[in-house]
Amino acid sequence: MLTKRPRGTNDFLPEDTAKWQYIEKLLREICRQFGYAELRTPIFEETALFLRGVGDTTDIVQKEMYTFEDTGGRSLTLRPENTASAVRAYVENKLFAGQQPVRLFYMGPMFRYERPQAGRFRQFHQFGVECFGPASPAADAEVIALAWEFYRRLGLKNLELNLNSVGCPNCRPAYRQALQDFLRPHLLELCPTCQERFEKNPLRILDCKNPQCQQFLQGAPTTLDALCDECHEHFEAVQSYLHAAAIPYRLNTKLVRGLDYYTNTAFEILLSDIGAQSAVCGGGRYNGLVEELGGKATPGVGFALGMERVFSALTAQKLALPEQPGLDVFVAVLDKQAQTMAFQLACNLRQSGLAAGYDTMERSLKAQFKYADSQRAAYTLLVGGEELTRDSVVLRDMQSSEQTEQSINEIVAILKEKLAK
RNA sequence: GUGGAUAUGGCGAAGCGGUUAACGCACCGGAUUGUGGCUCCGGCACGCAUGGGUUCGAUCCCCAUUAUCCACCCCA
């Protein structure tokens, strides 16, 4: 179907894009304040980057990637997320050689082949930040604070920050073992996916939603119990930073980032009023990722948030964004002879920095006024008729309906002054 | 990939075997000839997702397909 967009994609019409621009502007402003600069990476990358960077046991890699072969026989994949690309760019462009930390943000479309539902699309948009270099818990708290500040300024309520620590390569193997030992007696009673996870990725069993599996997890050891001294100290410090920033959170020992290169802090921001897909933000620390992708070992921490879900949240909580201003002035024509004059006037007004519209539909004067009204024009200029013989035009204030006759040579200056521009 | 619901004009929606396919919003035009927002009048679906079938006859019944929505898995 030629007039049907692909499944799971969206057209954002002018009404929508105005809102997107507002949100994007807010995010850019917050990033500026936090010292994060924009990174733009390709929409597609070598498939191998995601296999490695996202992890080949993840659902994303196993069933959700848009992978294709280009004419040169390369296997490429539309990015399903942007962290792997950011790490690749960090290493490839040798950002490690400059001043650390390297604070980056990105926003743009991501692609995952999934069944669409509320808050889930095949092409969706993420904003995210990555902070490379610092191992300090202050960096963990910094990125969380950045996300939190965004939601605070939007005025969203009922947000719940979930926090956990998944340890590091020193303490995780022991925990992994302890969890397996704990679950082994019930191994055959776990759901099929969890049975598979048992060997490959036992931590993921923790966040299985199957009630049966959750039952067997009662009393299971948590990652927090198993943290080594260093990880414990790190996690405590993150929490005290959050306290200092007055950011409320909830410890959630079931929250995991199952892959080996994810370390220490894991967090999610949840909002239940937007449907089943309630995570509006997810992130954590990945001290092993840069090395995994071929760079030298570099700590990192970051998060991503889903733009579409932000809009769902705004709608659910009935939060209206400021409206875009309408036209400063609409130039209406009385007769055909005035058309060129009107066009010229509109051009002059625009050159002076005003937003000016005029009639391109060759409509009646009445219809032109109606249009001016629909464009929320502050003023309408009426060009033509006997006024033109006096080198003047009619200026109508659309709010008060007051009309005056003005010299055509002074009208631009008059309007600029009235509109204070 | 699995399950459920839905599919009538630009949008919302009535009709549910035989109707000129309501109505509201939006849009367009007009209301004694140079003017908007209110009001009034008029216009706007040869067709009811697509393809089959049942029937004298189908938007309305049956089947398939596709799409949308919601949920599962999982994630932003």
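Every chain is numbered from 1, with letters handed out A, B, ... down the list of sequences.
- In this model, no donor atom of one side chain and acceptor atom of the other lie less than 3.5 Å apart for A/Asp56 and A/Gln62.
- Side-chain contact of A/Gln177 with A/Asp181: a donor-acceptor pair under 3.5 Å is present, judged by distance alone.
- At a threshold of 4.0 angstrom between heavy atoms, the contacts of A/Gly282 are confined to the sugar-phosphate backbone, with no base atom among them.
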Nucleotide-level pairing of RNA chain B, given in dot-bracket where Watson-Crick and G-U pairs need both distances under 3.5 Å and | marks other strands
((((((((.[[[..)..(....]]].(((((.......))))).....[[[[[..)....]]]]])))))))....
Please assess A/Arg28 against A/Glu24 for the test salt bridge (charged side-chain N to carboxylate O under 4.0 Å, His left out), listing each intermediate value before the final yes or no.
CA-CA 6 Å; A/Arg28 287 177 192 282; A/Glu24 287 163 5; 5.5 Å; no
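- No N or O donor and acceptor, one from the side chain of A/Asp373 and one from the base of B/G37, sit under 3.5 Å apart.
- Residue side chain A/Tyr371 fails the stacking definition with respect to B/G36, as its ring centre and the base's six-membered ring centre are not both under 5.5 angstrom apart and under 30 degrees in plane angle.
- Looking at heavy-atom distances under 4.0 Å, A/Gln375 makes no contact with the nucleic acid at all.
- For A/Glu386, the listed nucleotide lying nearest its side chain is B/G34; candidates were B/G34, B/U35, B/A76.
- Among the atoms of the strands shown, only primed sugar atoms or phosphate atoms (P, OP1, OP2) are found under 4.0 Å from some heavy atom of A/Ser364.
- Under the 3.5 Å distance criterion, with hydrogens and angles disregarded, no donor-acceptor pair is assigned to the side chains of A/Ser165 and A/Thr265.
- The side chain of A/Lys366 contributes an N or O atom lying less than 4.0 Å from OP1 or OP2 of B/G36.
- Enclosure of atom CZ in A/Phe44 is not indicated, since only 12 or fewer non-hydrogen atoms of other residues, nucleotides or ligands lie within 6.0 angstrom.
- Separation of the P atoms belonging to B/G34 and B/G43 is 26 Å when rounded to the nearest angstrom.
- With hydrogens and angles left out, the side chain of A/Gln368 and the base of B/G34 share no donor-acceptor pair within 3.5 Å.
- When the side-chain nitrogen and oxygen atoms of A/Gln277 are compared with OP1 and OP2 of B/C72, one or more of them lie within a distance under 4.0 Å.
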Give the intermediate values and the outcome of side chain to side chain donor-acceptor pair (under 3.5 Å) for residues A/Ser272 and A/Ser278.
CA-CA 5 Å; A/Ser272 57; A/Ser278 58; over 6 Å; no
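- Checked against B/C75, B/G36, B/G1, the side chain of A/Ala279 finds its nearest nucleotide in B/C75.
- In the interface, the side chain of A/Arg115 is not paired with the base of B/G1 through any donor and acceptor atom under 3.5 Å apart.
- Distance alone, capped at 3.5 Å, is enough to place a donor-acceptor pair between the A/Arg350 side chain and the A/Ala356 backbone.
- Distance noted for atom P between B/U19 and B/U59: 9 Å (whole Å).
- Ring planes of A/Trp20 and A/Phe12: tilted class, angle from 30 to 60°.
- Across all strands shown, A/Gly275 has heavy atoms under 4.0 Å from sugar-phosphate atoms exclusively, and none from any base.
- As rounded to the nearest Å, B/C44 and B/G24 have P atoms that lie 14 Å from one another.
- Backbone-only engagement by A/Arg363 is indicated by non-hydrogen atom pairs under 4.0 Å involving sugar-phosphate atoms exclusively.
- Note on A/Ala367: only backbone sugar-phosphate atoms sit closer than 4.0 angstrom, heavy atoms only; bases stay farther off.
- Comparing B/A71, B/G34, B/C75 by their closest approach to the side chain of A/Leu382 singles out B/G34.
- Counting distance only, with no hydrogens placed and no angle test, the side-chain atoms of A/Ser401 and the base atoms of B/G37 include a donor-acceptor pair under 3.5 Å.
- Using modelled atom types and a 3.5 Å distance limit, the side chains of A/Thr9 and A/Gln123 yield no donor-acceptor pair.
- Residue A/Gln117 has no polar side-chain atom (N or O) positioned under 4.0 Å from OP1 or OP2 of B/C70.
- Counting any heavy atom pair closer than 4.0 Å across all strands shown, A/Phe121 reaches a base atom.
- The residue A/Val310 sits apart from the nucleic acid: no heavy atom pair falls under 4.0 Å.
- Rounded to the nearest Å, the gap between the P atom of B/C63 and that of B/G4 is 13 Å.
- Near RNA chain B, defined here as any heavy-atom distance below 4.0 Å, the residues from residues 329-339 of chain A are A/Leu334, listed numerically.
- In this model, a donor atom of one side chain and an acceptor atom of the other lie less than 3.5 Å apart for A/Arg396 and A/Gln403.
- Of the candidates B/U68, B/G36, B/C72, the closest approach to any side-chain atom of A/Arg7 belongs to B/U68.
- Using a 4.0 Å heavy-atom distance criterion, A/Gln399 is classed as a base contact.
- Ranking B/G36, B/C75, B/C69 by closeness to the A/Asp207 side chain, first place goes to B/C75.
- With a 6.0 Å cutoff to the six-membered ring centre and a 45° limit on the axis angle, A/Arg122 counts as a cation-pi contact of A/Tyr113.
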